[in-house]
Amino acid sequence: IGKEAFAKMNFKKAVLPEKLQYIGDDAFFECKQLTVVNLPEALEEMKFRCFSGTGIRQVKIPLQCKVIPYCCFQECKQLQEVVLNNDLEIIGEDAFGESSLGSIIIPDSVKKIGIGAFDYHDFRNGNAKDIHIAVLGKETEFESMPFRVLNKAIIYCLAGSKVQNQARLGNVPVKPLSEFKNV
């Protein structure tokens, strides 16, 4: 799917071909009525803001995708559930910034989480809430700890992990990974 292919169109569901491997920059940008999209398992690459500003409620990242790019799901105000694959390596800057995501599990394959990946600054619309982030890897690092205006990011991680040290230095609440089950 090419750059801006469906940007700002009005449809509710996108049925993508099973063999689709690429979604270009801004492909579904600001398709505000788009609430359902199933990413095919063959998908290898998503580009800048490809789903930014949509009404997507849930997403499962296919196994072939190694990177969630810059602003990919930014401003997805209805986003409630994200399932990341176990081979994912990078979550880009602002990937889920300004989304309504309340919790996420980061697999141990992820080494880098970009600046603002889970930040939320727009407190005017009332969608902001705490975010609970379970980080399964000891080597995973945030470029910048998550920040939420009027709310907080809570990190669940392994003792002695890089994220635990970052969270403590950044005054971000940190809890043992075992407590994430109760969220």
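Bear in mind that the values here come from a model prediction, so they are computed numbers and not experimental data.
In terms of heavy-atom proximity, N85 sits nearest to P107 at O-CG, 3.1 Å. Nearest heavy atoms, G55 versus Q78: O-CB, 3.5 Å. The heavy-atom pair separating E45 from C65 by the smallest distance is N-SG, 4.2 Å. Between I155 and M145, the shortest heavy-atom distance links the atoms CG1-CE, 3.9 Å. Nearest heavy atoms, G92 versus A117: O-CB, 3.8 Å. Closest of all the heavy-atom pairs between M46 and V67 is CE-O, 4.5 Å.
Using a cut-off of 4.0 Å between Lys/Arg side-chain N and Asp/Glu carboxylate O, K77 and E75 are scored as not salt-bridged. Using a cut-off of 4.0 Å between Lys/Arg side-chain N and Asp/Glu carboxylate O, E141 and K112 are scored as not salt-bridged. By the 4.0 Å N-to-carboxylate-O rule, D26 lies close enough to R49 to be salt-bridged with it.
Atom OG of S161 and atom CD of Q166 lie 8.5 Å apart (nearest 0.5 Å). In this structure, I113 CD1 and I91 CD1 are separated by 4.5 Å, a value rounded to the nearest 0.5 Å. How far NZ of K47 is from OH of Y22: 5.0 Å, rounded to the nearest 0.5 Å. Within the model, atoms CD1 of I115 and CD of E143 stand 5.0 Å from one another, a figure rounded to the nearest 0.5 Å. One distance of note links SG of C72 with CG of D94; it measures 12.0 Å at 0.5 Å rounding. Atom SG of C31 sits about 8.0 Å away from atom CG of N10, to the nearest 0.5 Å.
In D87, the CG atom is crowded: over 12 heavy atoms of neighbouring residues, nucleotides or ligands sit closer than 6.0 Å. By the 6.0 Å contact criterion, NZ on K138 is enclosed, its count of non-hydrogen atoms from other residues, nucleotides or ligands being greater than 12.
Side chain of D25 to backbone of F48: a donor-acceptor contact under 3.5 angstrom is found. Under a 3.5 Å cut-off, the side chain of T140 and the backbone N or O of V110 do form a donor-acceptor pair. Looking only at distances, no side-chain donor or acceptor of S99 sits under 3.5 Å from a matching main-chain atom of C76. With hydrogens and angles disregarded, no donor-acceptor distance shorter than 3.5 Å links the side chain of S109 to the backbone of E89.
Side chains of I61 and I68 form a contact here, defined as non-hydrogen atoms less than 4.5 Å apart. Side-chain contact between V82 and L101: present, with at least one pair of heavy atoms (C-beta onward) separated by less than 4.5 Å. Within the 4.5 Å cutoff, the side chain of E93 has no heavy atoms near those of the C71 side chain. Side-chain contact check for I154 versus K175: some heavy-atom pair is nearer than 4.5 Å. Within the 4.5 Å cutoff, the side chain of P40 has no heavy atoms near those of the K19 side chain.
With hydrophobic clusters built from ILVMFWY side chains whose heavy atoms lie under 4.5 angstrom apart, L34 shares a cluster with L20. A chain of hydrophobic side-chain contacts below 4.5 Å, direct or via other Ile, Leu, Val, Met, Phe, Trp or Tyr residues, connects L136 to F180. Put simply, M9 and F73 are part of the same group of oily side chains (I, L, V, M, F, W, Y) that touch within less than 4.5 Å, one to the next.
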For I106 and L84, run side-chain contact (heavy atoms from CB on, under 4.5 Å): C-alpha distance rounded to whole Å, both residues' side-chain angles, the deciding distance at 0.1 Å, then the answer. CA-CA 7 Å; I106 310 295; L84 303 176; 3.9 Å; yes

Under the criterion salt bridge (charged side-chain N to carboxylate O under 4.0 Å, His left out), I'd like the reasoning laid out for K111 against E139: C-alpha separation, chi angles, the key distance, then a yes or no. CA-CA 6 Å; K111 300 304 176 212; E139 299 301 314; over 6 Å; no

Please evaluate residues F29 and K8 with respect to the criterion side-chain contact (heavy atoms from CB on, under 4.5 Å), reporting the C-alpha separation (whole Å), side-chain torsions for both, the decisive distance (0.1 Å), and the verdict. CA-CA 6 Å; F29 178 68; K8 299 184 180 185; 3.9 Å; yes

Test side-chain contact (heavy atoms from CB on, under 4.5 Å) on E18 and E41 and set out the steps. CA-CA 7 Å; E18 289 182 29; E41 283 304 315; over 6 Å; no

For a salt bridge (charged side-chain N to carboxylate O under 4.0 Å, His left out) check, start with the C-alpha distance between E179 and K181, then their side-chain angles and the critical distance, and finish with the verdict. CA-CA 5 Å; E179 289 185 26; K181 296 175 198 165; over 6 Å; no

Give the intermediate values and the outcome of side-chain contact (heavy atoms from CB on, under 4.5 Å) for residues L39 and L16. CA-CA 7 Å; L39 301 178; L16 304 178; 4.0 Å; yes

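A distance below 6.0 Å separates the ring centres of Y156 and H132.
Checked against I133 for a side chain to side chain contact (heavy atoms under 4.5 Å, CB included), the options I104, I105, V172, V163 give a single hit: I104. Tested against F96 for a ring-ring contact (aromatic ring centres under 6.0 Å, His included), the candidates Y70, F118, F51 yield a single pass: F118.
Below 30°, between 30° and 60°, or above 60°: for F11 and F28 the angle between ring planes is above 60°, a perpendicular geometry.
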